[in-house]
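Step one of this worksheet: look at the structure below.
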2 protein chains.
Amino acid sequence: MTDSFRNNVINKLQNGDFDCTKEFTVSMFSGKHKLMILWILIQEGPQSFSYFMNNLKGISKKVLSNQLNELMDDHLIDKSEYMVGRVKHTQYSMSEIGNTLVPIINSLNAWGEMRLNSVDIEKKFNR
Amino acid sequence: MTDSFRNNVINKLQNGDFDCTKEFTVSMFSGKHKLMILWILIQEGPQSFSYFMNNLKGISKKVLSNQLNELMDDHLIDKSEYMVGRVKHTQYSMSEIGNTLVPIINSLNAWGEMRLNSVDIEKKFNR
DNA sequence: CTGCATCCATTTTGATACTG
DNA sequence: CAGTATCAAAATGGATGCAG
């Protein structure tokens with residue numbers, strides 16, 4: 001799409017970050033909180049920076065900022081900003097491309113549930 | 001299934017390795033070469049330790065050993081051994097549970113291909 | 001409220017020698 | 001041939017201060 005994405009992918013290719021298209025897809029999720037960020041946006045719609053800070057357990061500002069930026073570099077999420085007085089507010093949301101990932105995320109979810117149920121592990125997940 | 005798997009999962013839960021079932025599934029792939037290991041077994045059938053050494057670019061014995069062990073802990077692959085004279089040979093293969101992951105791996109593959117094609121990146125993957 | 005910069009801790013991966 | 005043990009390097013994540 002844009003040049004930024006193009007360069008991003010070309011760098012990853014050159015760095016040998018992935019050797020096949022599957023690994024490219026998985027690289028979209030590689031980051032401790034990325035799946036949860038996407039899931040929150042899918043389930044709950046657009047959210048602010050601070051919403052993620054409050055709802056992702058144990059994440060720091062730096063890491064959240066990094067992962068949001070990477071998701072934007074990969075064009076999976078969009079961002080808008082607006083000012084309230086002198087204070088900046090943000091709104092992150094799923095992009096059109098990001099939404100094409102929803103079926104995959106759902107199947108990841110289903111497989112994990114099936115597998116955990118099969119061994120009768122007591123689950124106590126937030127989401 | 002077995003207690004070893006159960007303990008494995010409980011440990012991961014306690015370590016905070018995953019907070020939702022999606023992340024549990026993704027944890028199956030978390031390891032630089034795991035997807036390729038699974039893909040090779042799916043496409044080419046059972047293979048030996050040295051086959052992976054020769055076909056996964058730049059992997060070391062320690063890392064290969066670790067990732068194979070983790071895949072076995074997760075019950076995604078099986079292993080058999082036999083002796084030729086005094087020399088041990090091995091055979092790794094997809095397990096029944098591992099095979100339930102095939103549709104997901106295929107969709108990861110398809111998404112990555114679709115995405116890379118859409119930006120017209122020149123691909124030169126081995127597999 | 002956002003989020004970058006800095007410095008530190010943890011995790012993951014890699015090189016290599018050694019054993020059965 | 002198949003691994004484990006050890007040590008080193010790199011990547012990732014976390015805590016916190018400062019700025020717009």
Side-chain angles (χ1 to χ4, degrees), chain A residues 8 11-12 14-19 23 26-37 40-41 46-74 77-93, chain B residues 8 11-12 14-19 23 26-37 40-41 46-74 77-93:
Chain A
N8 186 26
N11 285 336
K12 286 186 178 181
Q14 289 174 342
N15 293 339
D17 281 3
F18 47 88
D19 302 320
E23 285 172 323
V26 169
S27 77
M28 302 291 109
F29 307 134
S30 68
K32 191 166 171 182
H33 308 273
K34 281 188 189 172
L35 257 182
M36 281 306 295
I37 291 171
I40 287 174
L41 293 178
Q47 298 295 346
S48 66
F49 188 89
S50 58
Y51 184 83
F52 292 116
M53 280 302 291
N54 294 329
N55 288 279
L56 298 172
K57 72 168 193 192
I59 196 170
S60 70
K61 293 198 292 185
K62 194 200 81 173
V63 173
L64 175 57
S65 179
N66 285 168
Q67 308 216 341
L68 288 169
N69 283 332
E70 287 176 17
L71 288 167
M72 287 191 291
D73 288 344
D74 289 333
I77 66 175
D78 294 323
K79 168 184 175 180
S80 65
E81 303 182 3
Y82 59 96
M83 301 301 282
V84 173
R86 244 165 264 84
V87 179
K88 194 208 293 184
H89 287 242
T90 56
Q91 181 107 305
Y92 293 91
S93 59
Chain B
N8 185 26
N11 284 337
K12 286 186 178 181
Q14 288 173 343
N15 292 340
D17 282 3
F18 55 92
D19 301 320
E23 285 172 323
V26 168
S27 78
M28 301 292 108
F29 307 134
S30 68
K32 191 167 172 182
H33 308 272
K34 282 188 189 172
L35 258 180
M36 280 307 294
I37 291 171
I40 287 173
L41 292 178
Q47 298 295 348
S48 65
F49 188 90
S50 58
Y51 184 83
F52 292 116
M53 281 302 293
N54 294 330
N55 289 277
L56 297 173
K57 73 168 191 193
I59 196 171
S60 69
K61 292 204 287 184
K62 194 199 84 171
V63 172
L64 175 56
S65 179
N66 285 167
Q67 308 216 342
L68 289 170
N69 283 333
E70 287 175 17
L71 289 168
M72 287 192 289
D73 289 343
D74 289 333
I77 66 175
D78 294 322
K79 167 183 176 181
S80 64
E81 303 182 2
Y82 58 96
M83 301 300 284
V84 174
R86 243 167 266 85
V87 179
K88 194 208 294 187
H89 287 243
T90 56
Q91 181 106 304
Y92 293 91
S93 59

- [ ] Report yes if at least one side-chain N or O of B:Ser65 is closer than 4.0 Å to OP1 or OP2 of D:dA2; otherwise report no.
- [x] no
- [ ] Could you tell me whether B:Gln67 contacts a base, only the sugar-phosphate backbone, or nothing, with contacts defined as non-hydrogen atoms closer than 4.0 Å?
- [x] sugar-phosphate
Task: Rounded distance (Å) that lies between atom P of D:dA8 and atom NZ of B:Lys62 - done: 13 Å
Task: Partners passing side chain to side chain contact (heavy atoms under 4.5 Å, CB included) against A:Asp78 (at least two apart in sequence or in another chain) - done: A:Ser93, A:Ser95
Task: For atom CD of B:Gln91 and atom C1' of D:dA2, their distance in whole Å - done: 14 Å
Open item on the list: Whole angstroms only, please: what is the OH-P distance between B:Tyr82 and D:dC1?
Closed with: 11 Å
Task: Atom-pair distance (CD on A:Glu70; C1' on D:dG13), nearest Å - done: 11 Å
Task: Integer-rounded Å distance: C:dA15 C1' and B:Lys57 NZ - done: 18 Å
- [ ] Return the 5'-most residue of the pair B:Gly58, A:Leu68 with respect to DNA chain C, ranking by each residue's nearest nucleotide.
- [x] A:Leu68
TODO: With DNA chain D as reference, determine whether B:Val87 or A:Ser30 sits nearer its 5' end, using the nearest nucleotide of each.
DONE: B:Val87
Task: Side-chain N or O of A:Ser60 closer than 4.0 Å to phosphate OP1/OP2 of D:dG13 - done: no
Task: Earlier contact from the 5' end, DNA chain C, for B:Lys88 and B:His33 - done: B:His33
- [ ] Under 4.0 Å between any heavy atoms, over every strand shown, what does A:Tyr92 touch: base, sugar-phosphate, or nothing? Just pick one.
- [x] sugar-phosphate
TODO: Examine distances only and state if a side-chain atom of B:Gln67 and a backbone atom of B:Lys34 form a donor-acceptor pair shorter than 3.5 Å.
DONE: yes
Open item on the list: By the 4.0 Å heavy-atom rule, please label B:Asn69 as base, sugar-phosphate, or nothing.
Closed with: sugar-phosphate
Task: Shortest non-hydrogen separation from B:Met83 to B:Lys88 and the atoms involved - done: SD-CA, 3.6 Å
Open item on the list: How many whole angstroms separate atom CG of B:Asn66 from atom P of C:dG14?
Closed with: 11 Å
Open item on the list: I'd like to know if B:Lys12 pairs up with B:Asp73 as an ion pair, taking the criterion as any Lys NZ or Arg NE/NH1/NH2 lying under 4.0 Å from an Asp or Glu carboxylate oxygen.
Closed with: no
Task: Short side-chain N/O contact to D:dG20 OP1/OP2 from A:His89, under 4.0 Å - done: no
Open item on the list: For B:Phe52 versus B:Ile59, what's the shortest heavy-atom pair and its separation?
Closed with: O-CG2, 4.3 Å
TODO: Among D:dG14, C:dC1, D:dA2, find the nucleotide with the atom closest to the side chain of A:Ser50.
DONE: C:dC1
Task: d(CD, B:Glu81; P, D:dT4) in whole Å - done: 10 Å
Open item on the list: How many whole angstroms separate atom CG of B:Leu64 from atom P of C:dG14?
Closed with: 11 Å
- [ ] Just call it for A:Lys32: base, sugar-phosphate, or nothing, with non-hydrogen atoms closer than 4.0 Å on any strand.
- [x] sugar-phosphate
